[in-house]
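A short write-up of the structure that comes next.
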Amino acid sequence: MEKLTVAKFGGTSVTDFDAMRRCASVIKGNDNTRLVVISACSGVTNLLVELANGIHQETIRQERLTTLAVIHDEVLAKLPENTSVAQAVNALIDDIATLAEAAATSPSTQLTDSLVACGELLSTHLFTHLLNTQGISAVRFDAREALRTNSLFGKATPQLVETSSLVNEKLRPLCERQVVVTQGFIGADDKGNTTTLGRGGSDYSAALLAEALHADTLEIWTDVPGIYTTDPRVAPNAKPISEISFSEASEMANFGAKILHPSTLLPAMRQEIPVFVGSSKAPQQGGTWIRKTAQRSPLLRALALRSNQTMVTLNSLNMFHAYGFLAEVFNVLARHQISVDLISTSEVSVSLTLDQTDTGGGAPTLPDAALEELSALCTVKVEHGLSLVALIGNHMGETRGTASKIFGAMDQFNVRLICSGASDHNMCFLVNEEDSKPVIQALHERLFE
C-alpha cells in the first residue's frame, strides 16, 4: 500500500440503504481507502440502550426488537439475496432479544456493552454486503479481535501496545488485499468480554486504528459538511471552518462539539495524521481539514456546547489557610475512578464538574460510596441540569479587550462557574440548561457575526 486512508461513517451516514450507497460512492472516489469504520444505523444505539436499561413489559420489549429488525431488514430487502448475511443479522437480533430479557431483571454495565455493541455488528454485515454488490471487494472484520481495552465497561480505556500489535498481526494483512469494514465504538478486554469506548466512540476507534496502521489520512464522514463556528441548529448564521489546528479542534471536541468524540484527535496528534471532516450526503461541498498547525489562527475560532453537566460543590472551613484538603478530595475521586473536568476554588470551597457520560448516556454521577467519603471531609452539594459553554480560540489570555466583549454579551444570563487562564485556547462558562442555547446565540451574534 502506497497510501492508506481510514474512513469512518457515522450513524446518520448509514441510516438506510440510500445512505449506505452514498457512502459506497465516497469510498469509490478514493482508491487509498483501505479501512472503513462504521457506526450503528441511526437510532439503533438509542433503542439498544433502552433495552439495556431494562424493559420489564414484554410487549414493549418486543416492539423495540421488532423496530430493530425492521431497520435492518429494510436494507437487506434492497440488496441481492445473501443467505449468510441474512442469517448473521437474524442471529444478532436473537442475541439482542436474549440479552434484553436478561437486562429486564438484572441490568449491568457489562450487559449494556454486550447489547449496544450489536448495533455496529449488525451495520457492518449490511455495509460489507453492499460494498461487494457495488463492485468494491470488501471483507468484514470484528474489531474485538484487534482493539484491546481494559474492563471498565461503558467507557473502556484502549490498551495501545496490545492494540497496535493485534492490528498489525490481524488487520494490516487484510487491508493490503482489499477494503476492510469494521465496527467503531467497540472492543474487548483481555478475557474476551465486549467493551465500549463510551457514547460516540466510533470516531475514537477509527483514530486508534489509523494510529496503529500509521495511516496517511483519517476521514470522518458525518451529516454536516465540516466543522462550523458553532452548531448551525443552534445559531443559523454559523460559518464553516475550512482548516483548524489539532489543539483548537480537540478543545472543541472536549467541550461538546458533537461532530467529534473528545478523544478522537489524540491518536491522530500522536502520529500527526491529517483528519478530514465532511458530509457523506454532500461530499462535493468539501469540509474541514484538521492539521498540526493551521495557516490562520484567529483570536476567536468557535463556540461549543456540552449539556447534561453535573457540578459538585465541596465546602469546608478546613480549607482556610490549610494544605492537603484538595489532595484528600482528589484521592477519594481517584479511588472511585471519577474524572474531573473543570474546577474553581475559593478560600473555603471548591466547585468541580464531572467528566463525560458513559455508554448509557446519562449525566455524570457521584457514586454513593464516593459521596459518603467526601461527606466525611466536608459539606457536599450535587447539582444537575447544567450546561457548559466553551469559547475556543488562540492567545485568548494575552489579548486585551476579549473579556469585555464576552461578558458584555452575557449580561442577561446567570453564570454558575467560570474557568479561564489554564489554557490560551478556551474560556468556559457553566450555565443553567435552559439558558444554554440563548447564551450560544448571544455570544455568536456578538463575536462571530
**Asked** Between K191 and D189, is there a side-chain N and carboxylate O pair less than 4.0 Å apart?
**Response**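 Not counted as a salt bridge, because no side-chain N and carboxylate O are separated by less than 4.0 Å.
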
Decide whether [X] and [Y] meet the rule of one side-chain donor and one side-chain acceptor closer than 3.5 Å.
X: T195; Y: N193; result: no
X: T196; Y: D113; result: yes
X: Q309; Y: S387; result: no

**Message:** With side-chain contact (heavy atoms from CB on, under 4.5 Å) as the criterion, how do V277 and I290 come out once you've worked through the C-alpha distance, each side chain's angles and the decisive distance to 0.1 Å?
**Reply:** CA-CA 8 Å; V277 181; I290 308 170; 4.0 Å; yes

Taking the side chain as everything from C-beta on, heavy atoms only, tell me whether [X] gets closer than 4.5 Å to [Y].
X: H384; Y: V382; value: yes
X: M20; Y: Q134; value: no
X: V224; Y: P232; value: no
X: P298; Y: N394; value: yes
X: I136; Y: K28; value: yes
X: R140; Y: Q183; value: yes

**Prompt:** So, the side chain of T288 versus the backbone of I241: is there a donor-acceptor pair under 3.5 Å, distance only?
**Reply:** yes

**Request:** Measure up the W221 and F9 rings against each other and bin them: parallel (under 30°), tilted (30 to 60°), perpendicular (over 60°).
**Result:** parallel

